[in-house]
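Report on the structure given below.
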Amino acid sequence: MANLSVVLITTLISLLPILTNSFSPESPTDRRILVLLDDFATRSSHSIFFNSLQNRGFELDFKLADDPKLALHRYGQYLYDALVLFCPAADRLGGGLDLAAILEFVDSGHDLILGADDASAVVIDHTSYAVSETDGDHTLIASDNFIESDVILGSTKIEAPVLFKGIGHSLNAANSLGLKVLSASSAAYSASPKSKLQSPPALAGSAISLARNNARIIISGSLDLFSNRFFKSGVQKAGSSKKYERSGNEQFTTELSKWVFHERGHLKAVNVRHHKVGETDEPAMYRINDDLEYAVDIYEWSGTRWEPYVADDVQVQFYMMSPYVLKTLSTDKKGVYYTAFKVPDVYGVFQFKVEYQRLGYTSLSLSKQIPVRPFRHNEYERFITTAFPYYGASFSTTWDSRIPEDVAKNCRQYETGEEQNLKALIWAKLMGKYATTYFRDSSPLRS
Amino acid sequence: MAASETAKDLALRHAFGNVLSFFILVLIGVLAFSIRLFSVIKYESVIHEFDPYFNYRVTQNSCKGKKIMLVEEEAVFVCYLCLEEEVDNELIGNVYCSIIGIRLTYVAGDMDLLWFQFLTKNGIYDFWNWFDDRTWYPLGRVIGGTVYPGLTLTAGTLWWILNSLNIPLSVETVCVFTAPVFSSIAAWATYLLTKEVKGTGAGLTAAALLAMVPSYISRSVAGSYDNEAVAIFALIFTFYLYIKTLNTGSLFYATLNSIAYFYMVCSWGGYTFIINLIPMHVLLCIVTGRYSSRLYIAYAPLVVLGTLLASLVPVVGFNAVLTSEHFASFLVFIIIHVVALAYYIKGMLSPSMFKVAVTLVVSVGLVICCAVVAVLVALVASSPTKGWSGRSLSLLDPTYASKYIPIIASVSEHQPPTWPSYFMDINVLAFLVPAGIIACFLPLSDASSFVVLYIVTSVYFSGVMVRLMLVLAPAACIMSGIALSEAFAVFTRSIKFQLPSLSGVSQVDAGNSDSGSAATTQTEAVKADKIEESTKERPSRKNRKKEKETVEKPSVKSRIEKRLLVLPLESSVIALLLLVLLGAFYVVHCVWAAAEAYSAPSIVLTSYSHDGLHVFDDFREAYAWLSHNTEVDDKVASWWDYGYQTTAMANRTVIVDNNTWNNTHIATVGTAMSSPEKAAWEIFDSLDVKYVLVVFGGLVGYPSDDINKFLWMVRIGGGVFPHIKEPDYLVCWRIVAMLSFDRICCVIRDGQYRIDSQATPTMLNCLMYKLSYYRFVETDGKAFDRVRRTEIGKKYFKLSHFEEVFTTHHWMVRIYKLKPPKNRIRGKTKKSKSVRVHYLFSMTRRSSPLLSHNSSSLLSICCFHSLFGRKLAQQQAQKEVEQERIPGIKPIILETVVTPGLCNTYFPNRHDDRTKRLQSLLIL
């Protein structure tokens, strides 16, 4: 029984980053969530969390994990936009749902919250455990080591530590898509409280991850993290004298669920446009050294509508194998980002590239191809200063060529009339001197 | 009275001869044109291949190897179809050996056609300024500035003229027939040139020979729309005008000569041959004391006007004055002026004054010359290649390209030719040329010294590059024409001289008359035969011979001197017969070459087997697939040989193509092909490539496939990206290891390129191997490669970063798509012990050029050591030594070899950091 959940969890961890487009920009409000439970008791024990989802407009569909009628899709359409797996005890899922099906669900762009629980190995921390009367083995951890990101955890600071009890995860450092949202202290380790210590110590907490297609996943090693009991209980961190009336769990999970269901941090970039300075139409091709203007609209989904996204760190690259121009875009705070720059003195097929990847936000990756051509033959400067001596040479030669006319004038004094003929004669003589001479004395070698 | 009659007679004969030679020339033109039509008649109008909307037709009920005639609306297709599924294996098994290889001319033709279409649509200025963003992605290519526009403009002009005369020919038709038309014109130009050198008879013979010479046919069959088609005409015509100017001293011809040279520059990069050959000749004339003002007229305007005009061609531009190819002409230009000045002064001054002047001028002139030369040398030496382009350097030093520029050496056209290719391409002319050279010395004139120089240089160049056989062909034709014509002249004169009936004057010895009259009948009979024979073969030849006789008649005057040259009648007749036979043999060969060897369109391959002709149309199949199944903006990567075809026929953007102007870009593609899958994927992805196309001949035995070209990709890639090393892909056949104490002294690399189980891991893991042989084992179960004649080394493997999207019927073209990056990133991978050993293994091979294949025994010892400890390793070492196949090597592998110091023994002084890494791995 516990076997499956362990397998499931470890596999997901090893495949950490997953994301897709469950979120449809066209109908972003229409959200159906399938919640799979071990038994319906969980529904009531975690009711605060579920209610907060329903209050935000989500349509929750509670099912037992072994319900044989389970189906994620019908007729090629997914029935749900997100999946919440709160069934750590389930041996297998009903309706033929398996690991591959869930991965595919995520790969096709849908979101996932996975709550796990297992008694065989839990996180133990002897330094930052939650002080309580009963629990002596330091498995109930109070952590305030959150990820520093407003977009994931909301802008309101979570004051109280979060209670955690469950399995630890470690995250491959090479994995750029996984994030640690809640971490234990560095003294924490993973072990079975009933057996000997295992090495190495692992980090604890919830890991979330994004897939490349922006599906979002939360993996929590503790199902209790979402439970009413933890929501309501007070917390005092070991070593700290401050005691909070309520733990930070409610705020933490609510904010996290907002993020995972795309109510925050979901960006879209639309309406990429560019044109030469002073024009409005988009050209099919630029010329080197053209001045151009580039603009793009970026919006963020607020949960109800698209709102302008405001940031000062969006950059555009004018890219051909490497960025030739890298400019930070200015924004008018209404979602329009724009800049102007000069096309470099290099021709080729360029791209306008916006690669915007910020913690917790949808990664924006836009590219638009645009060729840049060299000057046409008649676009070069017509007269260049350095060539003036050559122009001079040309004109002086032209002047020289007037000499035959002078000769002709002289000749005219002696021979009257027929100026044209005379000129022609002299021209012919001058030009054809060599030719006629050699015509005469050269014998064709045909013989 | 008798004298005037004779003069009249003579004039009549002259007129008759002129008319006759006119008709002969017309016939030669027709011959040159029609002999090139085989490709259109035997196949289809070739240009159909390039039609992007070409409709690929396969008749369902066709049966194997049978000839099917399909009458289309416009063309008759003769299809030999072997497309039935079930016959394949057996069929292919029989066919694979004799596929006629691809010819590169057609490849180049594709793009010329595109340009031409562009030209006719958009006009000359747009063509000039055309920036093509669909090739060389993402660099693009300025077509107007990188292409020799001669051919395109010529065909464009033809098309325009025809259209304005209301002859509505399509662009394609003009393209198909441009080359044959220009070969006719080239034949006429040859006539003119040879006539200038040795008279009309030689001219006609040379023209007839050129009309048929296989070397030229190979570049100018109908449908072969390539630069060389017009360039050869331009070459010959420029030479003609030069000789004409030299003979007449006319400025008019000199100007024409410059214009012809300009046309040549427009047409072909081979114009440098002209601009070097003519100065060489001028220099020769000066040195041999043949300077004349005619020579000056012939040369000086050509340099000035020609250089000015040449620099107007965008692709040449400032190269006309900047590169060393042109320096010879400038140097000679200076020299000829100095010489002209000297002659002029000599004419003005008295001999004694002249001597004084000479000493004065020589001393001053020497100083100036030295200064100029020093400046020139300094200029030239400051550039890395000494101002010579790679292709020219490889002409001067045949080993240059193979040493330094793999991209030039990799083209089969740039390899030295083999002897059979001389026989194939110029046939009997090779034997006639020496005779022609001798004839040119009797007597030596300016013109004949020029053709001698021409033949000598072109023989040399053709020996360097097989492609330049094309330049040799006209020279060989001219020489052979002279030789044949002289020989005929001598023999017919001998016969005539000994025939009283023809001599008319009683100067013939009475003693000879008996045998003479006997011979007359004989000769006439022979003539009749000859005429019959040649009517069959070639009508023009008969006419020419007749004509020659008429021409020779007036020369009977100097009978007394000529009498010394008279040969015995019988031997003359026999020699004539033999010459005719030789000519007939040449004609037969040429017709065969035109009909069989050079008529097949390269893109459709044909093969003969016992059950008939088979057609391999895989290229068009693949390109059609690309054009129908991919997005318009998708980029297709392939080796550059297929770049033009992909652009023209599939209309997709390519990364590199046949215009090899950017070595780095080609090297990038070569590197990708030589890299393992993941690295290759990254390279291709960075170039936005969507599809990768490889040509694979292993199934049908098509030898010029990518695996056979692969070493060049490695070399070209390695030239720019040093982490690609050729030795990694070659199998070391023998390892001669002399182990003295703890040192391996030498390992002899006898590199073998192989793809069987002996191949190196680098080879077996590189992209090209994988893309070529992916799923290959499914064809026959054994994965037997018919080109390499071996079973491949790695048969079962999967592709992780590429997926196969299309493979043509005979597997000749395989197209793969780059997989998108994984949606999820995998977590940790654990390194097990075996992995580590494997790593060691592969790293040792990679890092050490010393160790490869057969050192695998040593490596296995190495692994043994790391896995099982020293003792077992030693045993293994002993075993390996016993099994060592190569005799003569002392089996000394000492204990020391298998100690951790092993690495040091392999790498005495090098790779220090690697050695340490290896050591640490070895110690484990």
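In what follows, every chain begins at residue 1, and chains take the letters A, B, ... in the order their sequences are listed.
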Margin query: Need one label for E379(A): side chain, backbone, both or neither, based on atoms under 4.5 Å from any heavy atom in chain B.
Written below: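 Contact with chain B involves no heavy atom of E379(A) at all.
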Item checked: chain B contact via V372(A) - side chain, backbone, both or neither, heavy atoms under 4.5 Å ->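 It is the backbone, since no side chain atom gets that close.
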Margin query: Tell me whether the NZ or CZ atom of K368(A) lies within the 45° cone about the ring axis of F352(A) and under 6.0 Å from its centre.
Written below: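 No; the conditions do not both hold, so K368(A) does not lie above the ring face of F352(A).
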Next item on the list: Under 4.5 Å heavy-atom distance to chain A, tell me which part of I243(B) shows up: side chain, backbone, both or neither.
Entry: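 Neither part, no heavy atoms under 4.5 Å.
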Next item on the list: Apply side-chain contact (heavy atoms from CB on, under 4.5 Å) to Y380(A) and list each qualifying residue two or more places apart in sequence or on a separate chain.
Entry: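 side-chain contact (heavy atoms from CB on, under 4.5 Å) check on Y380(A) returns F375(A).
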Margin query: Please evaluate residues Y286(A) and H274(A) with respect to the criterion ring-ring contact (aromatic ring centres under 6.0 Å, His included), reporting the C-alpha separation (whole Å), side-chain torsions for both, the decisive distance (0.1 Å), and the verdict.
Written below: CA-CA 11 Å; Y286(A) 284 108; H274(A) 57 87; 5.5 Å; yes
Item checked: Parallel, tilted or perpendicular: rings of F318(A) and F350(A) (30°, 60°) ->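 Parallel: the ring planes of F350(A) and F318(A) meet at under 30°.
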